[in-house]
Amino acid sequence: MKKIAIACDHGGFELKKDIIKHIEAKGYEVCDFGCDSAASVDYPDYALPASLAVAKGECDLGILICGTGIGMSLCANKVKGIRAACCSDTFSVRMTRLHNDANVLCLGARVVGIGLAIDMVDLFLDTGFEGDRHSTRIAKVMAIENL
Ligand code: RB5
């Protein structure tokens, strides 16, 4: 079973609790990198360790939650090996797994409700990379970080 890195800031704390409960019930192992309350924190402090866990292969996929998902995605995409997608619809989540092989999903707890967030998490965890022509494109994307 896949191991999932998860982290949030204060804006994503409540949604993170619901997502952890949901994915643990599905049998996933969860590595929670904080934060641990709704007290104000800085999202880079939580995005970085969770993203590194995915980049190093300690976790298979990551889920990062802040108010918009945007701050988390900015941080995650600075970590070598991370392809983070900030999504607020299920079509984008499906396509970012199929075509971009995204390994981190960023969610905005102030953008989406719990029902949509859970549907997006399920799709993210259940959808595989299509490969083929997309492998060539992803190799080119990842080569950019070496420039
Ligand atoms: C925190 O107020 C908010 O800025 C943060 O959760 C996130 O939305 C940043 O991108």
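Keep in mind that this is a model prediction, so the values were computed, not measured. Along the sequence shown, residues carry numbers from 1. Only this structure's heavy atoms are used, side chains among them; waters, hydrogens and symmetry mates stay out. One-based numbering, in listed order, for ligands and for the atoms of each.
An N or O contact shorter than 3.5 Å links G67 to ligand 1 by distance.
A donor-acceptor pair under 3.5 Å is formed between the side chain of E145 and the backbone N or O of G81. Panel note: side chain K16, backbone I65; no donor-acceptor pair is recorded below 3.5 Å.
Contacts of S92 classified as side-chain hydrogen bond (donor to acceptor under 3.5 Å, both in side chains), with partners at least two apart in sequence or in another chain: D89. Not counting sequence neighbours, the partners of D126 by the salt bridge (charged side-chain N to carboxylate O under 4.0 Å, His left out) test are K26.
Taking a cut-off of under 4.0 Å to the non-hydrogen atoms of H10, the atoms of ligand 1 that pass are 1 (C), 2 (O).
Residue contacts with ligand 1 include G71, since one or more of its heavy atoms lies under 4.0 Å from the ligand.
Defined by atom type and a distance below 3.5 Å, a donor-acceptor pair is present between the side-chain atoms of H22 and D122.
Atom 8 (O) of ligand 1 has T68 N, 3.0 Å as its closest protein atom, hydrogens excluded (heavy atom only). Considering only non-hydrogen protein atoms, atom 9 (C) of ligand 1 sits nearest to Y43 CE2, 3.4 Å. For atom 7 (C) of ligand 1, the nearest protein heavy atom (residue, atom name, distance) is C66 SG, 3.4 Å.
Counting heavy atoms under 4.0 Å from ligand 1, residue D9 touches it through the side chain alone. Contacts with ligand 1 closer than 4.0 Å are made by side-chain heavy atoms of R110 only, the backbone lying farther away.
More than 12 heavy atoms of other shown residues, nucleotides or ligands fall within 6.0 angstrom of atom NZ in K17.
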